[in-house]
Amino acid sequence: MATGESSMRTDGMELLHSYHQNPSIKLRNQLVQLHTGLVRKIAHKFSHQCHEPYEDLEQIGYFGLIRAIERFDPSQGYAFSSFAVPYIRGEMLHFLRDRSSLLKIPRRWQELYNDGQKVRKELAVSLGRSPRDAEIAQKLQVSVHEWQETKLAAQNRMPLSLDATAAHYVDCQITLGEALPCPRSIALQQQDEERQQLQGAINMLEDKPRMAVEMVFLKELSRKDAAKNIGTSPMTVTRYLQKGIQDLICYLQPQTVPTGS
């Protein structure tokens, strides 16, 4: 069993390397198939916490998996599963957040609720007190149950606390606050993407400037030690660093399209 899992991980990393070097829909689909278990595991966990169908959560999760595949850089040495989980989980949370938006109620209930508010005011004046649900329902010529359902539906359209459960399910363990994008998760994703962009730019440098940048800034060697490894003088390492930094700035700057006059 352990041998099979190890072989699957090895195959997965080989596919990820191949996709990173030469992306294709065929490779991406193979990677999706290879990691379906990751999506299903997270979907099962979410399905036990809310009333959304497992199938819907699974399908949404695949969007996150695809995003992770497209953005993963295997040369960074991260485990793909650790990289992909925030993307998969984030897609499902966004789905639940969207489902928890203002509830649409039938037009009849909207009209009934508006009429009920008018009746409530009229009865409050005539009775000299707040009317009971039964009195309002009798005036509206509907059952008490229907009037109470109408009130509940109308109340559910109002803004909720972030501690309220998502998707208006009383027993759902996921709160609206949890369904909102997590600033820490977003920051970590941005850091990962920026790190990958930086590494990609470093890989584009000429050999000597790249070696100087990696040794001094990534491995934190002194310029003297870097010079020994490269086989040159510390002064030359400084020139390599200056050129490397200038090239990195050019590679990482957003490309602007010149506009005509």
Side-chain angles (χ1 to χ4, degrees), residues 1 4-5 7-74 76 78-106 153 156-157 159-193 196:
M1 182 71 175
E5 290 178 354
S7 176
M8 184 177 296
R9 283 196 294 269
T10 302
D11 293 343
M13 285 307 298
E14 289 179 356
L15 281 175
L16 285 165
H17 275 285
S18 298
Y19 182 82
H20 182 69
Q21 293 170 359
N22 188 21
S24 71
I25 295 177
K26 180 181 178 181
L27 284 176
R28 190 188 70 184
N29 290 345
Q30 288 178 331
L31 284 165
V32 169
Q33 287 295 323
L34 196 62
H35 295 92
T36 53
L38 190 60
V39 174
R40 290 171 180 171
K41 180 179 179 181
I42 300 173
H44 273 298
K45 181 178 179 181
F46 272 84
S47 68
H48 292 311
Q49 295 176 324
C50 68
H51 285 182
E52 291 298 333
Y54 163 80
E55 293 77 10
D56 290 353
L57 293 167
E58 182 185 7
Q59 292 303 315
I60 290 297
Y62 286 125
F63 287 110
L65 176 59
I66 290 171
R67 286 184 63 212
I69 291 170
E70 291 175 342
R71 300 186 180 199
F72 182 69
D73 183 352
Q76 296 301 300
Y78 306 127
F80 176 71
S81 58
S82 300
F83 182 84
V85 164
Y87 284 92
I88 298 169
R89 187 173 181 272
E91 288 294 332
M92 293 183 188
L93 286 174
H94 291 167
F95 172 71
L96 290 176
R97 180 196 61 193
D98 293 340
R99 297 284 287 182
S100 68
S101 59
L102 297 183
L103 182 68
K104 294 181 176 63
I105 64 175
N156 281 343
R157 294 177 66 240
L160 301 179
S161 164
L162 291 180
D163 293 326
T165 53
H168 300 295
Y169 295 133
V170 176
D171 59 347
C172 180
Q173 299 175 22
I174 301 173
T175 67
L176 292 181
E178 292 172 334
L180 293 173
C182 172
R184 183 172 180 274
S185 296
I186 293 174
L188 289 175
Q189 286 187 13
Q190 289 177 340
Q191 287 175 7
D192 282 337
E193 292 174 11
Q196 291 185 33

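What's counted below: heavy atoms across the whole structure, side chains too, no hydrogens, waters or symmetry copies.
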Q: Mind checking side chain to side chain donor-acceptor pair (under 3.5 Å) for Glu58 and listing every partner two or more places apart, or none if nothing turns up?
A: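 Partners of Glu58 under the side chain to side chain donor-acceptor pair (under 3.5 Å) test: Arg40, Tyr62.
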Q: For the atom pair CD1 (Ile60) and CD1 (Ile42), what is the distance rounded to the nearest 0.5 Å?
A: 13.5 Å
Q: Atom CZ in Arg71, atom CD1 in Ile66: separation rounded to 0.5 Å?
A: 12.5 Å
Q: Can you measure from CG (Leu57) to CG (Leu93) and round to the nearest 0.5 angstrom?
A: 10.0 Å
Q: Which distance, rounded to the nearest 0.5 Å, do you find between the CG of Leu34 and the CG of Leu15?
A: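 The CG atom of Leu15 is 6.5 Å from CG of Leu34, to the nearest 0.5 Å.
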Q: Going through the distances and angles, do Leu16 and His20 end up as a side-chain contact (heavy atoms from CB on, under 4.5 Å)?
A: CA-CA 6 Å; Leu16 285 165; His20 182 69; over 6 Å; no
Q: Starting at NZ of Lys41, measure out to NE2 of His35 and round the result to the nearest 0.5 Å.
A: 13.0 Å
Q: For Gly64 and Tyr87, which heavy atoms make the closest approach, and how far apart are they?
A: O-CB, 3.4 Å
Q: State, to 0.1 Å, how close Phe46 and Arg89 come at their nearest heavy-atom pair, and which atoms those are.
A: CZ-CG, 3.7 Å
Q: What are the two closest heavy atoms between Ser24 and Tyr19, and how far apart are they?
A: O-CE1, 3.3 Å
Q: Are the side chains of Met13 and Pro74 in touch, meaning some heavy atoms are under 4.5 Å apart?
A: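 In short, these two side chains touch, coming nearer than 4.5 Å.
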Q: So how far is it from Ile69 CD1 to Leu27 CG, rounded to the nearest 0.5 Å?
A: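 With rounding to 0.5 Å, CD1 (Ile69) is 10.0 Å from CG (Leu27).
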Q: Over all heavy atoms of both residues, which pair between Leu65 and Ile88 is shortest? Give the atoms and the distance, please.
A: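 Distance-wise, the nearest heavy atoms are N-CG1, 3.7 Å.
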Q: Do the rings of Phe72 and Phe80 sit parallel, tilted or perpendicular, given the 30° and 60° boundaries?
A: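 Ring orientation of Phe72 relative to Phe80: perpendicular.
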Q: Over all heavy atoms of both residues, which pair between Phe83 and Ala68 is shortest? Give the atoms and the distance, please.
A: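 Distance-wise, the nearest heavy atoms are CE2-O, 3.4 Å.
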